[in-house]
Student: 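Got a structure here, written out as structure tokens. Questions coming.
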Amino acid sequence: MAEPIIDLRSDTVTRPTAAMLQTMLEAPVGDDVYEEDPTVRALEETSAALFGLEAGLFCPSGTMTNQIAIKAHTEPLSEVICEQTAHVYLWEVGGIAFHSGASVALLPGDRGRVTAAQVEAAIRPANNVHYPTSNLICLENTSNRGGGSCYSLETIASIAEVAQRRGLALHLDGARIFNALVATGQRAADYGQYFDSISVCLSKGLGAPVGSVLLGSNAFIHKCRRIRKVMGGGMRQAGILAAAGLYALAHNVERLADDHRRAQDLGATLATQPYVAEVLPSETNLVIFRLQAEMKSEVFLAHLEQLGIRASSFGPQMIRFVTHLDVDDTMIERVKNALQTLSVPA
């Protein structure tokens with residue numbers, strides 16, 4: 001019998017477990033556009049309470065929650081400050097320009113992370129008509145392009161202080177926020193005091209098939225509900241999907257530590273291979289590495305594909321592995337063996 005495919009392309013490829021599917025089947029539902037779906041409301045309330053904020057809004061994707069938040073915090077001729085590899089800028093189809101008519105100030109970060117001093121220096125003079133108005137700061141935790149790097153709570157607090165003092169809103173793209181919490185030992189409840197809005201993704205490491213929740217104040221979420229509607233995000237009996245999110249929050253958070261351990265194991269193996277030039281530090285479930293010039297990305301990926309292993313190209317000579325709940329220790333051993341059978345072309 002053929003061995004199962006090992007898919008390391010992303011933690012978005014996970015499939016619902018039997019227990020999650022059963023929970024979805026049993027979920028009480030209603031019309032969420034009328035705010036009558038009890039399971040959606042339970043997910044929104046649970047998520048908001050977890051992060052110390054007042055309210056939540058369930059949406060189909062993290063891209064939608066991020067873009068709704070940016071639209072709600074900005075106006076045309078304003079500007080968003082973020083790191084130059086931020087998902088909200090790089091991988092959301094130019095959504096900031098399309099939806100919000102806002103400019104973007106890009107900062108060079110340390111593996112996707114910026115400092116309070118960088119943020120403060122990027123804020124535009126308010127009285128100069130040549131500039132857009134600085135309205136919003138966006139952070140990403142963990143940073144995808146940074147290899148799953150995590151912000152310290154001290155850095156977040158210092159950036160929040162700048163935002164509050166200078167009158168800017170602060171948004172968190174928390175696509176992998178639970179990976180950051182598990183890796184650092186931080187508490188979700190501490191985040192509400194720093195961020196005006198938080199996007200929490202349920203369909204990556206937590207293993208739900210669909211969905212993200214946007215968190216903020218009652219007034220902010222009321223405004224965002226209208227924006228969600230105009231973006232086509234108003235769902236009806238969405239409790240079937242929200243139930244998967246509730247199950248994920250209850251059962252799939254602590255196990256993220258297993259994904260982190262497996263990612264570090266892969267990183268250690270890669271660091272010993274002659275065809276690997278560099279491996280970024282692996283704090284969570286992402287392993288990003290650069291191949292030597294002699295080893296072309298397409299050759300490397302084709303070798304893995306022949307062995308039933310899938311991975312992603314992440315730029316010239318760059319590869320990304322992502323561990324998740326559908327990859328176990330036996331699979332990691334298969335990947336390590338595959339890595340050790342590959343040699344640099346003569």
Student: Between T65 and G62 (side chain of the first, backbone of the second, donor and acceptor by atom type, cut-off under 3.5 Å), is there such a pair?
Tutor: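 Indeed, once roles are kept as given, a pair shorter than 3.5 Å links the two residues.
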Student: Look at the aromatic rings of Y191 and F195 and report parallel, tilted or perpendicular, splitting at 30° and 60°.
Tutor: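 Answer is parallel, since the angle falls under 30°.
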Student: Compare every heavy atom of S100 with every heavy atom of T74, then report the nearest pair and how far apart it is.
Tutor: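 Where T74 meets S100 most closely, the heavy atoms are OG1-CB, 3.6 Å.
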Student: Considering all heavy atoms of both residues, which atom of V287 and which atom of G267 are nearest to each other, and what is their separation?
Tutor: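 For V287 and G267, the tightest heavy-atom pair comes out as CG1-CA, 4.0 Å.
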Student: Test side chain to side chain contact (heavy atoms under 4.5 Å, CB included) on L339 and Y275; report intermediate values, then the result.
Tutor: CA-CA 10 Å; L339 295 171; Y275 53 83; 3.5 Å; yes
Student: Could you tell me which non-hydrogen atom of S313 sits nearest to which non-hydrogen atom of I319, and how far apart they are?
Tutor: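 That would be CA-CD1, 4.3 Å.
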Student: If the condition is salt bridge (charged side-chain N to carboxylate O under 4.0 Å, His left out), which residues does K336 pass it with, not counting sequence neighbours?
Tutor: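 Expected list: D265, E333.
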Student: Just by distance, do the side chain of S312 and the backbone of F314 share a donor-acceptor pair under 3.5 Å?
Tutor: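 Between the backbone of F314 and the side chain of S312 there is no qualifying donor-acceptor contact (under 3.5 Å).
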Student: Please examine the side chains of Q118 and P108, heavy atoms only from C-beta on, and report whether any two atoms are closer than 4.5 Å.
Tutor: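 The answer is yes; the side chains approach within 4.5 Å.
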Student: Can you tell if the side chain of Y89 reaches within under 4.5 Å of the side chain of L106, non-hydrogen atoms only?
Tutor: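 Answer yes - side chains close enough.
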Student: Do the side chain of T14 and the main chain of L325 share a donor and acceptor less than 3.5 angstrom apart?
Tutor: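 Answer holds: no.
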Student: Is I96 reachable from M231 through a run of I, L, V, M, F, W or Y residues, each pair having side-chain heavy atoms under 4.5 Å apart?
Tutor: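 They do not share one cluster, since no chain of ILVMFWY contacts under 4.5 Å joins M231 to I96.
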Student: Answer whether the closest heavy-atom distance between the side chains of E120 and I159 falls below 4.5 Å.
Tutor: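 Not in contact.
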Student: Distance from E294 atom CD to Q317 atom CD, nearest 0.5 Å?
Tutor: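 Taking CD in E294 and CD in Q317, the distance rounds to 9.0 Å.
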Student: Which atom pair, heavy atoms only, marks the closest approach of A243 to M24?
Tutor: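 Closest pair (atom of A243, atom of M24, distance): CB-CA, 3.9 Å.
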Student: Please determine whether a side-chain nitrogen of the Lys or Arg among D32 and R236 lies less than 4.0 Å from a carboxylate oxygen of the Asp or Glu.
Tutor: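 Not counted as a salt bridge, because no side-chain N and carboxylate O are separated by less than 4.0 Å.
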Student: Side-chain contact test, heavy atoms from C-beta onward, threshold under 4.5 Å: evaluate it for C150 versus N141 and give yes or no.
Tutor: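 Of all side-chain heavy-atom pairs linking N141 with C150, at least one is under 4.5 Å.
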Student: Under 3.5 Å, side chain of S282 to main-chain N/O of L286, donor-acceptor pair present?
Tutor: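 Between the backbone of L286 and the side chain of S282 there is a qualifying donor-acceptor contact (under 3.5 Å).
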Student: Should the heavy atoms of other residues, nucleotides or ligands under 6.0 Å from CZ of R226 be counted, would the total exceed 12?
Tutor: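 For R226, atom CZ is not crowded (no more than 12 foreign heavy atoms under 6.0 Å).
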Student: Is it the case that over 12 heavy atoms from other parts of the model lie below 6.0 angstrom from the CZ atom of R165?
Tutor: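 Enclosed.
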Student: Looking at E83 and R145, does any basic side-chain N land under 4.0 Å from a carboxylate oxygen?
Tutor: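 No, no charged N to carboxylate O under 4.0 Å.
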Student: Is N135 close to E79 at the side-chain level, that is, under 4.5 Å between some pair of heavy atoms?
Tutor: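 Of all side-chain heavy-atom pairs linking N135 with E79, none is under 4.5 Å.
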Student: Hydrophobic clustering (ILVMFWY, side-chain heavy atoms < 4.5 Å, transitive) - are I177 and Y151 grouped together?
Tutor: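 Yes, Y151 and I177 fall within the same hydrophobic cluster.
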Student: Can you label the angle between the F321 ring and the F289 ring as parallel, tilted or perpendicular, going by 30° and 60°?
Tutor: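 Geometry flag for F289 against F321: perpendicular rings.
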Student: One pair to check against side chain to side chain contact (heavy atoms under 4.5 Å, CB included): V276 and E278. What are the steps and the verdict?
Tutor: CA-CA 6 Å; V276 174; E278 177 189 17; 5.9 Å; no
Student: Do V93 and I70 belong together in a cluster built from hydrophobic side chains that touch within less than 4.5 Å?
Tutor: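 Each belongs to a different hydrophobic cluster.
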Student: Does the pair N144 and R320 meet the rule for a side-chain hydrogen bond (donor to acceptor under 3.5 Å, both in side chains), with working shown?
Tutor: CA-CA 10 Å; N144 186 3; R320 186 184 75 169; 2.8 Å; yes
Student: Are V200 and L256 in one and the same hydrophobic cluster, where Ile, Leu, Val, Met, Phe, Trp and Tyr link if side-chain heavy atoms are under 4.5 Å apart?
Tutor: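 Both belong to a single hydrophobic cluster.
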Student: Using 0.5 Å steps for rounding, measure from the CG atom of L246 to the CD atom of E45.
Tutor: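 Output value for this atom pair is 10.0 Å.
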Student: Applying side chain to side chain contact (heavy atoms under 4.5 Å, CB included) to I68 and C59, what does each step give before you reach the verdict?
Tutor: CA-CA 10 Å; I68 288 173; C59 296; 3.9 Å; yes
Student: So which atom in A238 and which in D37 form the shortest heavy-atom distance, rounded to 0.1 Å?
Tutor: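 Distance-wise, the nearest heavy atoms are N-OD2, 3.4 Å.
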Student: Nearest 0.5 Å, what's the CG-OG distance between L172 and S199?
Tutor: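 Between L172 CG and S199 OG, I get 8.0 Å after rounding to 0.5 Å.
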Student: Give a yes or no on whether the backbone of R111 and the side-chain of S149 come within a donor-acceptor separation of less than 3.5 Å.
Tutor: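 Present.
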Student: Side chains of E92 and Q67: donor-acceptor distance under 3.5 Å anywhere?
Tutor: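 Present: a donor and an acceptor within the cut-off.
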Student: Could you check if a side-chain atom of I6 sits within less than 4.5 angstrom of a side-chain atom of V335, using non-hydrogen atoms only?
Tutor: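 Counting from C-beta outward, I6 and V335 do come under 4.5 Å.
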Student: Quick check for you: to the nearest 0.5 Å, what is the distance between N66 atom CG and S212 atom OG?
Tutor: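 So the gap between those two atoms works out to 8.0 Å.
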Student: About how many Å separate CE of M235 and CZ of R228, when rounded to the nearest 0.5 Å?
Tutor: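 With rounding to 0.5 Å, CZ (R228) is 6.0 Å from CE (M235).
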Student: For the side chain of Y247 and the backbone of P16, is there at least one donor-acceptor N/O pair under 3.5 Å apart?
Tutor: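 It does not hold such a pair.
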Student: Taking salt bridge (charged side-chain N to carboxylate O under 4.0 Å, His left out) as the criterion, tell me which of R262, K204, R176 meets it with D11.
Tutor: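 Single pass found, and it is R176.
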Student: Go through the side-chain N and O atoms of S158 and T155 and say whether any donor and acceptor fall under 3.5 Å apart.
Tutor: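 No - no donor-acceptor pair under 3.5 Å links their side chains.
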Student: Which of parallel (below 30°), tilted (30 to 60°) and perpendicular (above 60°) describes H73 and H171?
Tutor: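 The rings of H73 and H171 sit tilted, inter-plane angle from 30° to 60°.
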Student: State, yes or no, whether a side-chain contact exists between F178 and L206 at a heavy-atom distance under 4.5 Å.
Tutor: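 The answer is yes, as the side chains (C-beta and beyond) meet within the 4.5 Å cut-off.
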Student: Does the pair H324 and D326 meet the rule for a side-chain hydrogen bond (donor to acceptor under 3.5 Å, both in side chains), with working shown?
Tutor: CA-CA 6 Å; H324 50 79; D326 285 355; 4.8 Å; no
Student: Just to verify, what does R310 make a side-chain contact (heavy atoms from CB on, under 4.5 Å) with, not counting sequence neighbours?
Tutor: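 For R310 the side-chain contact (heavy atoms from CB on, under 4.5 Å) partners, ignoring immediate neighbours, are I5, D7, R9, E305.
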Student: Assigning hydrophobic clusters by single linkage (Ile, Leu, Val, Met, Phe, Trp, Tyr; side-chain heavy-atom cutoff under 4.5 Å), is V13 placed with M20?
Tutor: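 No: no chain of side-chain contacts under 4.5 Å links V13 to M20.
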Student: Identify, with sequence neighbours excluded, every residue that meets side-chain contact (heavy atoms from CB on, under 4.5 Å) alongside Y194.
Tutor: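 Applying side-chain contact (heavy atoms from CB on, under 4.5 Å) to Y194 gives L153, I156, A157, A160.
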Student: Can we say R255 and D258 salt-bridge, meaning some charged N sits less than 4.0 Å from an Asp/Glu carboxylate O?
Tutor: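 D258 and R255: not salt-bridged.
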Student: Please confirm whether the backbone N or O of R113 pairs with a side-chain atom of D110, one donor and one acceptor, at under 3.5 Å?
Tutor: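 No: the side chain of D110 does not pair with the backbone of R113.
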Student: Is R225 reaching over with its side chain to a backbone N or O of L57, donor-acceptor style, under 3.5 angstrom?
Tutor: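 Between the backbone of L57 and the side chain of R225 there is no qualifying donor-acceptor contact (under 3.5 Å).
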Student: Is a side-chain N or O of K223 found less than 3.5 angstrom from the main chain of A72, in a donor-acceptor match?
Tutor: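 At least one qualifying donor-acceptor pair exists.
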Student: If you define the side chain from C-beta out and look only at heavy atoms, does anything of P132 sit under 4.5 Å from R124?
Tutor: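 P132 reaches R124 side chain to side chain.
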Student: So does R41 pair up with E35, basic N to acidic O under 4.0 Å?
Tutor: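 Not counted as a salt bridge, because no side-chain N and carboxylate O are separated by less than 4.0 Å.
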Student: Looking only at non-hydrogen atoms, find the nearest pair between N218 and A55 and report the distance.
Tutor: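 Taking N218 first and A55 second, the nearest heavy atoms are OD1-CB, 3.4 Å.
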Student: Examine distances only and state if a side-chain atom of T46 and a backbone atom of L43 form a donor-acceptor pair shorter than 3.5 Å.
Tutor: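 No: the side chain of T46 does not pair with the backbone of L43.
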Student: Calculate, to the nearest 0.5 Å, the distance between atoms CG and CG belonging to D196 and L168 respectively.
Tutor: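 One gets 9.5 Å once the value is rounded to the nearest 0.5 Å.
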Student: Verify side-chain hydrogen bond (donor to acceptor under 3.5 Å, both in side chains) between D259 and N179, making sure each step is shown before the conclusion.
Tutor: CA-CA 9 Å; D259 297 342; N179 291 94; 5.2 Å; no
